[in-house]
*Asks:* 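Sharing a structure here in structure tokens format.
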Amino acid sequence: MSVQVVSAAAAAKVPEVELKDLSPSEAEPQLGLSTAAVSAMAPPAGGGDPEAPAPAAERPPAPGPGSGPAAALSPAAGKVPQASAMKRSDPHHQHQRHRDGGEALVSPDGTVTEAPRTVKKQIQFADQKQEFNKRPTKIGRRSLSRSISQSSTDSYSSAASYTDSSDDETSPRDKQQKNSKGSSDFCVKNIKQAEFGRREIEIAEQEMPALMALRKRAQGEKPLAGAKIVGCTHITAQTAFPVFAWKGESEDDFWWCIDRCVNVEGWQPNMILDDGGDLTHWIYKKYPNMFKKIKGIVEESVTGVHRLYQLSKAGKLCVPAMNVNDSVTKQKFDNLYCCRESILDGLKRTTDMMFGGKQVVVCGYGEVGKGCCAALKAMGSIVYVTEIDPICALQACMDGFRLVKLNEVIRQVDIVITCTGNKNVVTREHLDRMKNSCIVCNMGHSNTEIDVASLRTPELTWERVRSQVDHVIWPDGKRIVLLAEGRLLNLSCSTVPTFVLSITATTQALALIELYNAPEGRYKQDVYLLPKKMDEYVASLHLPTFDAHLTELTDEQAKYLGLNKNGPFKPNYYRY
């Protein structure tokens, strides 16, 4: 319906078209009619006069308050006049035009009768546009939105399903929902979208070759039989397991969801899959006795790994932990390549901006910062970098970026992006000094990098512009554009490429399998890197997607390098 409305408006700008001179295939591109509308206006098949007027019972009623281009072009059977019925070409009749512009039919005996004007009005878009514009704007908008929602239920994009939510919905915590198996051990916004979610998963599986290969292999071996895994990670269609999570969670909702996953009567986890260390922290704080039965922790973020090393150094880490964040496949793909694509996607979806000539400061030049800087530079932005590490700082300089302190450029930049994994990187002092309409967003960890809490004060006004976009307005009228309230931009405002998630999920699964099946004594109460052999295995599972063919070492070459022909091919200290 929405396409037809747009097409009708566009058609009103072109000269009047007589459809009697056009075949249906020619009529469609000129008027933008839908296939259904063109079919309805085609001459009837079989015998009879193909140009006879439509019977009175089949003629559409005169336009009323609820009619318009959308109504006129709806593919309801029998209500759209045939195209050839617009102009009679019977040799016994002649066409005349009334002084007021109406059609007239002249019979052989000289009698003049007016042709049915409603027939003409169904096709003449110029007349209809004028009438459509006279209607109240609110009515038109409401009917359009209703037609869109009714016609696109099964075809909206994943991004739309994530971001388009009603503000007046009941909190998922207050809903009683059950899945198709009668289980209520989950909490999501709307379980009725499960069928849509299943289709999303099926699409995702096409871009997750390694995880699908690992799943097929595990069907026979069942390496995680008996494992009870509790996880806290970023939720997308690709994670695909029963969850306590929904878009727009508050801080209180977040911790409530974690507690509902951990504090379950008659069930206790024996493995932890964490992203950021929040789940591990909660169990240590609320349920420390659970660690007596937990065999290991798998952690995938910079911040979470940092917390694990702190626990280990303090002698408080009581189970082995696997650091998958620093595995090469995770670092390069989830951090570098993924962020190189998703930073532009997130900014475009939220601000509709152009990047050419914009001044941008990227805080942090780790793998995430490198990806963001590369993408913005390629789009013509002027990019500055802040860093604390002299090695990363030197890399930024060698890549052509100017290394600065944030205070030096905060008044002039158009965009501020945090990528450090730290806290309070952008403080209230920085926010006060930013120029009008500066865009502020985070690609690092959680919502700690930007001091958003300092902005929730009486003298500042918050204005919601659209989903995940807020204007924070100062008393003098200056405003900044804050995206996702300081949370991760690519997860809150766009989508993460499924191929990248395949790499991350496969790495996590292998780490879980390794820790769960490791013989007693192999891993102490410490933090370990994913074995290099597993890292290479994850990469090899993804190569067939590109029709890539690895070269094999000869026996002589392997002996010369001192390597096993099957790997690992690099020592743990190698920097890719």
Side-chain angles (χ1 to χ4, degrees), residues 156-167 169 189 193 197 200 204 233-239 245-251 253-254 275-276 301 334-355 358 360-364 368-369 371-376 379 381 413-421 425-426 431 434 437-452 455 462-472 479-501 504:
Y156 54 87
S157 70
S158 59
S161 71
Y162 296 152
T163 57
D164 294 345
S165 58
S166 174
D167 293 333
E169 280 192 5
K189 184 162 286 188
Q193 288 191 342
E200 284 281 284
T233 186
H234 305 301
I235 301 301
T236 65
Q238 295 87 347
T239 49
W246 58 91
K247 199 72 173 178
E249 287 179 359
S250 66
E251 189 78 9
D253 290 336
F254 174 75
D275 185 348
S301 77
D334 196 19
N335 293 355
L336 176 62
Y337 301 127
C338 173
C339 293
R340 191 174 68 184
E341 296 192 17
S342 58
I343 179 63
L344 301 181
D345 186 26
L347 287 170
K348 279 283 189 184
R349 291 192 194 207
T350 50
T351 64
D352 304 313
M353 68 179 302
M354 288 191 70
F355 300 103
K358 293 293 193 300
V360 186
V361 59
V362 176
C363 302
V368 173
C372 292
C373 288
L376 290 162
M379 297 301 291
S381 299
V413 293
D414 302 294
I415 309 172
V416 178
I417 304 170
T418 56
C419 310
T420 68
V425 177
V426 177
L431 294 162
M434 288 177 183
S437 298
C438 182
I439 298 168
V440 186
C441 62
N442 171 37
M443 288 286 287
H445 172 66
S446 190
N447 59 348
T448 63
E449 304 207 21
I450 302 166
D451 188 8
V452 175
L455 296 174
W462 284 62
E463 179 182 84
R464 174 53 58 97
V465 181
R466 58 170 72 158
S467 178
Q468 308 294 344
V469 182
D470 289 291
H471 281 168
V472 183
R479 64 183 61 197
I480 65 168
V481 182
L482 180 64
L483 305 183
E485 299 183 53
R487 296 184 298 273
L488 288 172
L489 175 71
N490 57 344
L491 295 171
S492 300
C493 305
S494 66
T495 58
V496 177
T498 307
F499 188 80
V500 168
L501 288 171
T504 303

*Asks:* Considering residues at least two apart in sequence or located in another chain, which fulfil the side-chain hydrogen bond (donor to acceptor under 3.5 Å, both in side chains) criterion with Ser342?
*Replies:* Asn490
*Asks:* With the side chain counted from C-beta on, respond yes when Met354 and Met379 share a heavy-atom pair under 4.5 Å apart, and no when they do not.
*Replies:* no
*Asks:* Side-chain contact, heavy-atom cut-off 4.5 Å: Val361 with Ile417?
*Replies:* no
*Asks:* Under 3.5 Å, side chain of Arg487 to main-chain N/O of Ser492, donor-acceptor pair present?
*Replies:* no
*Asks:* Determine yes or no for a side-chain-to-main-chain donor-acceptor pair under 3.5 angstrom, with Glu449 supplying the side chain and Gly421 the backbone.
*Replies:* yes
*Asks:* Given the rule in the side-chain contact (heavy atoms from CB on, under 4.5 Å) test, do Leu376 and Leu344 qualify, once you have shown the distances and angles that lead to the verdict?
*Replies:* CA-CA 7 Å; Leu376 290 162; Leu344 301 181; 3.9 Å; yes
*Asks:* Going from SG on Cys441 to CG on Leu482, what distance comes out if it is rounded to the nearest 0.5 angstrom?
*Replies:* 9.0 Å
*Asks:* State, with a plain yes or no, whether a side-chain heavy atom of Val481 is found less than 4.5 Å away from one of His471.
*Replies:* yes
*Asks:* Which residues pass the salt bridge (Lys or Arg N to Asp or Glu O under 4.0 Å) test with Asp414, not counting sequence neighbours?
*Replies:* Lys435
*Asks:* Could you tell me which residues satisfy side-chain hydrogen bond (donor to acceptor under 3.5 Å, both in side chains) with Arg340, sequence neighbours excluded, listed by chain and number?
*Replies:* none
*Asks:* Decide yes or no on side-chain contact (heavy atoms from CB on, under 4.5 Å) for Met443 and Val362, but give the supporting numbers first.
*Replies:* CA-CA 10 Å; Met443 288 286 287; Val362 176; over 6 Å; no
*Asks:* Using modelled atom types only, decide if a donor and an acceptor are shared between the side chain of Thr504 and the backbone of Asp334 within a distance under 3.5 Å.
*Replies:* no
*Asks:* Check side-chain contact (heavy atoms from CB on, under 4.5 Å) between Leu336 and all other residues, then give those that pass, not counting sequence neighbours.
*Replies:* Lys332, Glu367, Lys370
*Asks:* By side-chain contact (heavy atoms from CB on, under 4.5 Å), which residues pair with Asp345, not counting sequence neighbours?
*Replies:* Arg349, Ser494, Thr495
*Asks:* Could you walk me through whether Val426 and Leu431 pass side-chain contact (heavy atoms from CB on, under 4.5 Å), step by step?
*Replies:* CA-CA 7 Å; Val426 177; Leu431 294 162; 3.9 Å; yes
*Asks:* Is a salt bridge present between Arg466 and Asp352, judged by a nitrogen-to-oxygen distance below 4.0 Å?
*Replies:* yes
*Asks:* Could you check Leu455 against Ile480 for side-chain contact (heavy atoms from CB on, under 4.5 Å), going step by step and ending with a plain yes or no?
*Replies:* CA-CA 11 Å; Leu455 296 174; Ile480 65 168; 4.3 Å; yes
*Asks:* Is the backbone of Lys247 close enough, under 3.5 Å, to the side chain of Lys189 for a donor and an acceptor to pair up by distance?
*Replies:* yes
*Asks:* Tell me whether Glu341 contacts the main-chain N or O of Cys338 through its side chain, where contact means a donor paired with an acceptor under 3.5 Å.
*Replies:* no
*Asks:* Go through the steps for Glu485 and Arg464 under the test salt bridge (charged side-chain N to carboxylate O under 4.0 Å, His left out), then give the verdict.
*Replies:* CA-CA 11 Å; Glu485 299 183 53; Arg464 174 53 58 97; 3.5 Å; yes
*Asks:* List the residues meeting side-chain hydrogen bond (donor to acceptor under 3.5 Å, both in side chains) with Asp253, not counting sequence neighbours, and say none if there are none.
*Replies:* Arg173, Ser250
*Asks:* For the side-chain contact (heavy atoms from CB on, under 4.5 Å) test, which of Val469, Val465, Ile439 pairs with Thr351?
*Replies:* Ile439
*Asks:* Once rounded to the nearest 0.5 Å, what's the spacing between atom CG of Leu483 and atom CG of Asn442?
*Replies:* 10.5 Å
*Asks:* Is the count of non-hydrogen atoms from other residues, nucleotides or ligands lying under 6.0 Å from Met353 atom CE greater than 12?
*Replies:* yes
*Asks:* Taking the side chain as everything from C-beta on, heavy atoms only, tell me whether Lys358 gets closer than 4.5 Å to Val413.
*Replies:* no
*Asks:* Check whether any side-chain N or O of Thr350 sits under 3.5 Å from a backbone N or O of Leu347 as a donor-acceptor pair, and report yes or no.
*Replies:* yes
